[in-house]
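Here the structure comes first, spelled out in structure tokens, and everything after it is commentary.
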Amino acid sequence: MKYSPKTIEKKWQESWDNSALFEVKEIPDQEKYYLLEMFPYPSGKIHMGHVRNYTIGDVIARYKRMTGKNVLHPMGWDAFGLPAENAAIDNNTHPAKWTYANITHMKGQLRMMGFSYDWKREIATCDPDYYKWEQLVFIKMFEKGLAYKKRTNVNWCDLCQTVLAKEQVEDGCCWRHTNREVTIKEMDSWYFKITDYAEDILEKCDSLTGWPERVITMQKNWIGKSYGAIIKFPLADSDQFIDVFTTRPDTVYGVTFMCFAPEHLMLKGMIKGTAQEKDVLAFIERNMKIAGFIRTAEFTEKEGIFTGRYAVNPLTQEKIPIFVGNFVLADYGTGAIMCVPTHDQRDFEFAQKYNLKKRVVITPADTELDADTMTKAYEGQGLLVNSGRFNGLSNLKAIEEIALYLESEGMGSRTVNFRIRDWNISRQRYWGTPIPMLYCDKCGIVPVDEKDLPVVLPLNKELRGGGGSPLSFEPDFYETKCPKCNGIARRETDTMDTFVESSWYFARYASPRYDKAPVDKESVKYWLPVDQYIGGIEHAILHLLYSRFFTRVLKDLGYVHVDEPFKNLLTQGMVCKETEECPEHGYLFPDEVKDDKCTKCGAQVIRGRSLKMSKSKKNVVDPALLVDTYGADTVRMFCLFASPPERDLEWNDQGVEGAYRFLNRVWRLVDDNIDNFKNAPKVDEERLTGDLKTLNRKIHETVKKVTNDIEDRFHFNTAISAVMELINEAYRYMNDAKEMDENSWSVIRETAEKTVILLSPVVPHITEELWHMLGHEGYLIDAGWPGYNEGALEKDKRLIVVQVNGKVRSKIEVPASISDKEIEEMAIQDEKVKGFIGDKNIRKIFVVQQKLVNIVI
RNA sequence: GCGAGAGUGGCGGAACUGGCAGACGCGCUGGACUUAGGAUCCAGUGCCGCAAGGUGUAGGGGUUCAAAUCCCCUCUCUCGCACCA
């Protein structure tokens, strides 16, 4: 019988399905294992990135199940979001229709891959049964002050026609449109108070020992905690004060000017009536138009203007000029900074440009600084000078001392500053969770009554393009009554950021149909946290940070018992492929290239470097086509074999062929010999000798290696290669054997059986078929993971490498029981070795654990 | 600029705590079988050399009996951060 993936894959997928093989429930006395892969956005069809991500997860899920764990392995859809809305407008359909059609199609594709999901737990976040609970959590957050509304400057993406959170701006551009700069708009928005949890989220980073170091670093950087002080500078000729944040209170005596961000709220009032007012306003206006990212980028030249007002240095009582500077960040610290040109390079450059006063207040041990002649700021350590009562103190000590002094004088306070901002979750779009709030003229902002949840997204509406919250054009939706006073009220027409849905879906999977609360506490208690989470590194900040925040909120609301959602995190690499480019026609599809020439114009194509698969670079491979040709098992195997999970995967069509060839080899090992297997007795290890004993030992070695590779580090590539070695050795044995007796067939059958079990998490269909061909009943996944026999691993002979002066000169075979001393003797007696030693003296001999001898002459 | 990671045959990658560099796969070469093969099987394949042997893990230096692995310097690439006061 020929290996026919199409037939057997369909057969077993249906069989697993019919027997509900992967449906799980809580079993209190069985150890659980919650394995989760980041759920996909239902964009239309699955791509190679999904296939890789989910294959890695499936191997772990199946392996853990085979080792006796109760494995939760759910799947669902991150179903709200802009693409649905845009597709709806483009194709004159409805986002819901488009989304659900995509889900149906993609679900079919995932089934074809043979992933072991508990589909009974499937979630689509656009389902009112899901977002209802999100709305409830929102209301609870509002009641606790964790969700609030404010009017501020926000980041706006013109292409998305919506506001973005700070995390969703990359290099000044929208995270979806990396070539479109965000603009600044003043708007009302809803915020989640993630800053309340910043300290805890930061601190617990160090407890996440199962996370990749770089993800932790990125999160720490994003939160950006720094210790310093807020210092109050009196505004001259007024009774006002200006707050500045600094990490360097030790340099206050050196402050010779001050700088405001153009957005600073005190500015306009301050300059009223001054001679400079017009010029300063013009400066502010001009700079406000430049996107914050560009204005404060490193390559932008520092620019400022004197406001005409002065502040008073609280320690020197000196009057210092106040400037507005383009480089000062409005949303970090207080939006105003004290400037110390002698000890801060940025301030130094600014002072040089505008010819401002400088005073040295820290002196290094070896040289004397002169404020007038120095060419750059001195930012190192030293002793304080020109600093009144603090002279002579080391500056590190002075940071504390001066802050304390200012505190005691009521001129400041030590403080901790965070870079992270509250999470703006308002989106001026249609296809998202409605924010369950309403506005009443009499009662103000009022939450929707819990019994009226969910606030359902109206589905019978036609979408129009052109911007503005679509729901704000739907009176049927926004016209309502106030639950407090029964008067006329208007619903909130913005929807929530879609990152909100993905911030808690992992908890919902524990009890996906629970209809009394967001989660069933008992289920959550059993399943959470996620033991292993798998997904792309691109979510290092966004999704993973929001999820950590939301889990804390859910804990404080009493829904879950954990504060960290994901115990272990694996960030898999990208799937890459070579690109081909024509000088005239840009990127080309593989079939647009013939003999290295562009089929459109005949120009020589440029073979580009390997890049992440993407439609725009035309280097994508459609998994569906591959599955159709080779079967899901081959595709799964190649994805795992080509590189370890955390590294990028280099796509190679010929490599796929190799995987297919190997599976055929495994198939034939069983299929060709099945009759011989039937009559062979059980392996009797005592009676094995020679090559057969070696092959039998190889079986045990392979079990050991595969187990370690999967268990310790998820290195499936080396696990697979170990099985390949075993298969190669079995074929070699059969090829070399003069005669195949019963004993031989026993060991070959044993090889086949163990191969089938060890490969089953990787290629579940072919192995299930072979398992049954080998005469077993029941599903392979319940067959248990094999152990190995340490005794069978022992060799009676060993090959010892003999080095002379560190160079390999010979190899000798010795009995395993031999002593180090005897090995030395044998090594010296070896003919080849003798030739290298000659008549020289042996100075020393090293023997390494029955492996190697190094003779030093 | 700062931080993290990486650099190994023609290619993807192995080598886990320093102990035979290149497992396994792809590709390539030769052979067998065959009406035919882009199926299958066997053998070979880092580089130089007929061979003995030499040489080799980005480059240079060091530690060690022994270095892809540890230390120092340089280069290249990837990712993240980037006027954060």
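The chains referred to below are lettered A, B, ... by the order of the sequence lines, with proteins before strands, and numbering in each begins at 1. Hydrogens, waters and symmetry mates play no part in the numbers below; they use all other heavy atoms, side chains included.
To the nearest whole angstrom, the two C1' atoms, one in B:U64 and one in B:U69, are 13 Å apart. Rounded to a whole angstrom, the distance from the C1' atom of B:C26 to that of B:C20 is 25 Å. Taking the C1' atoms as reference points, B:A14 lies 15 Å from B:G46, given to the whole Å.
At a cut-off of 3.5 Å, with distance as the only test, a side-chain donor of A:Asn728 or A:Arg665 sits close to an acceptor on the other residue.
A donor-acceptor contact under 3.5 Å links the side chain of A:Lys811 to the base of B:C20. For A:Asn854 and B:C65, a side-chain-to-base donor-acceptor distance below 3.5 Å is present, hydrogens and geometry of angles not being considered. Residue A:Arg248 places no side-chain atom within donor-acceptor reach of the base of B:A85, judged by atom type and a 3.5 Å distance cut-off alone.
The nucleotide whose nearest atom lies closest to any side-chain atom of A:Arg647 is, among B:C84, B:G13, B:A66, B:G13. Which of B:U55, B:C81, B:C42 sits closest to the side chain of A:Arg665 comes down to B:C42. With distances taken from any side-chain atom of A:Arg661 to the nucleotides B:C65, B:C84, B:G27, the minimum falls on B:G27.
As the counterpart of B:U35, no nucleotide is assigned, since no Watson-Crick or G-U wobble pattern has both distances under 3.5 Å. Summarising the base pairing, B:G30 is matched to B:C42 through a Watson-Crick or G-U wobble pair whose two defining distances lie under 3.5 Å.
A cation-pi arrangement, defined by a distance under 6.0 Å to the six-membered ring centre and an angle within 45 degrees of its axis, is present between A:Lys358 and A:Phe348.
Residue A:Arg214 places none of its side-chain N or O atoms closer than 4.0 Å to OP1 or OP2 of B:C81.
In this pair, A:Phe846 lays its aromatic ring flat on the base of B:C65, centres within 5.5 Å and planes under 30 degrees apart.
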